[in-house]
Amino acid sequence: MDWTIQPNLELMKGRKKIYLKVFDIYGPNKTISYFKLIKKGEEGEIRLKLCPNDYVMEYYDEEEKLLEERSLGLVDSRL
């Protein structure tokens with residue numbers, strides 16, 4: 001499935017870069033599926049191909065402090 005992420009630009013305020021991590025959720029396990037270093041001026045949309053599943057998106061600052069976390073579930077509409 002094609003999927004587009006628009007990074008939260010509010011998180012860039014006062015920072016030169018942030019990190020985006022996307023994790024697959026399999027029961028109690030969390031596996032990293034995607035990682036992106038987002039620098040000032042490079043905050044455009046991110047296009048991914050992801051399988052139907054549950055995911056968590058996490059944004060971190062330079063000191064690895066969690067800034068934001070979002071959960072989402074992708075469903076295959078063909079089923």
Side-chain angles (χ1 to χ4, degrees):
M1 294 176 64
D2 292 325
W3 191 53
T4 302
I5 299 172
Q6 181 60 51
N8 183 347
L9 300 181
E10 290 292 315
L11 299 176
M12 291 299 296
K13 288 187 177 177
R15 297 181 176 89
K16 294 180 183 176
K17 60 188 171 189
I18 58 173
Y19 303 95
L20 168 64
K21 297 178 184 180
V22 179
F23 296 92
D24 288 281
I25 306 299
Y26 295 103
N29 301 313
K30 187 163 102 169
T31 307
I32 192 157
S33 296
Y34 182 79
F35 174 85
K36 171 94 174 161
L37 169 64
I38 303 170
K39 296 179 184 178
K40 269 211 188 294
E42 299 177 0
E43 302 99 343
E45 64 183 29
I46 300 165
R47 295 177 189 255
L48 299 174
K49 290 196 179 278
L50 297 173
C51 295
N53 199 9
D54 292 325
Y55 293 91
V56 173
M57 291 184 351
E58 297 178 348
Y59 291 93
Y60 291 86
D61 67 7
E62 294 97 338
E63 288 83 37
E64 297 185 29
K65 177 184 167 196
L66 181 63
L67 302 172
E68 182 178 271
E69 179 180 65
R70 286 191 237 164
S71 298
L72 62 132
L74 299 179
V75 178
D76 189 345
S77 60
R78 297 174 293 174
L79 299 178

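We number each residue from 1, following the sequence as shown.
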Check the hydrophobic clustering (I, L, V, M, F, W, Y; side-chain heavy atoms under 4.5 Å; chains of links allowed) and say if Tyr19 and Leu66 are grouped together. yes

Checklist line | Glu10 atom CD, over 12 foreign heavy atoms within 6.0 Å | finding: no

* Stepwise side chain to side chain contact (heavy atoms under 4.5 Å, CB included) check, Ile46 with Ile38 -> CA-CA 10 Å; Ile46 300 165; Ile38 303 170; 4.2 Å; yes

The complete set of salt bridge (Lys or Arg N to Asp or Glu O under 4.0 Å) pairs with one or both residues in residues 26-40, sequence neighbours excluded, reads Lys30-Glu58

query = Does the side chain of Asn8 come within less than 4.5 Å of Leu67's, by heavy atoms?
reply = no

Just so I know, are the side chains of Tyr34 and Met57 near enough to count as touching, which here means a heavy-atom distance under 4.5 Å? no

Of all heavy-atom pairs linking Pro7 and Gly44, the shortest is CD-O, 3.4 Å

d(Leu37 CG, Ile18 CD1) to nearest 0.5 Å is 9.0 Å

Among the clusters formed by ILVMFWY side chains lying less than 4.5 Å apart, do Ile5 and Phe35 turn up in the same one? no

Smallest heavy-atom separation, Glu62 atom then Lys16 atom, equals OE2-N, 3.4 Å

Joint hydrophobic cluster, Phe23 plus Tyr55, side-chain heavy atoms closer than 4.5 Å: no

Residues passing the side-chain hydrogen bond (donor to acceptor under 3.5 Å, both in side chains) test with Asp54, sequence neighbours excluded, are none

Subject >> Side chain proximity check, Arg47 to Asp2, heavy atoms < 4.5 angstrom >> reply: no

**OP:** Verify side chain to side chain contact (heavy atoms under 4.5 Å, CB included) between Leu72 and Trp3, making sure each step is shown before the conclusion.
**Re:** CA-CA 12 Å; Leu72 62 132; Trp3 191 53; 3.1 Å; yes

Notebook entry, point to check: Within a reach of under 6.0 Å around CD of Glu64, are more than 12 heavy atoms found that belong to other residues, nucleotides or ligands?
Noted result: no

Here the pair of heavy atoms bringing Lys21 nearest to Tyr60 is CD-CE1, 3.8 Å

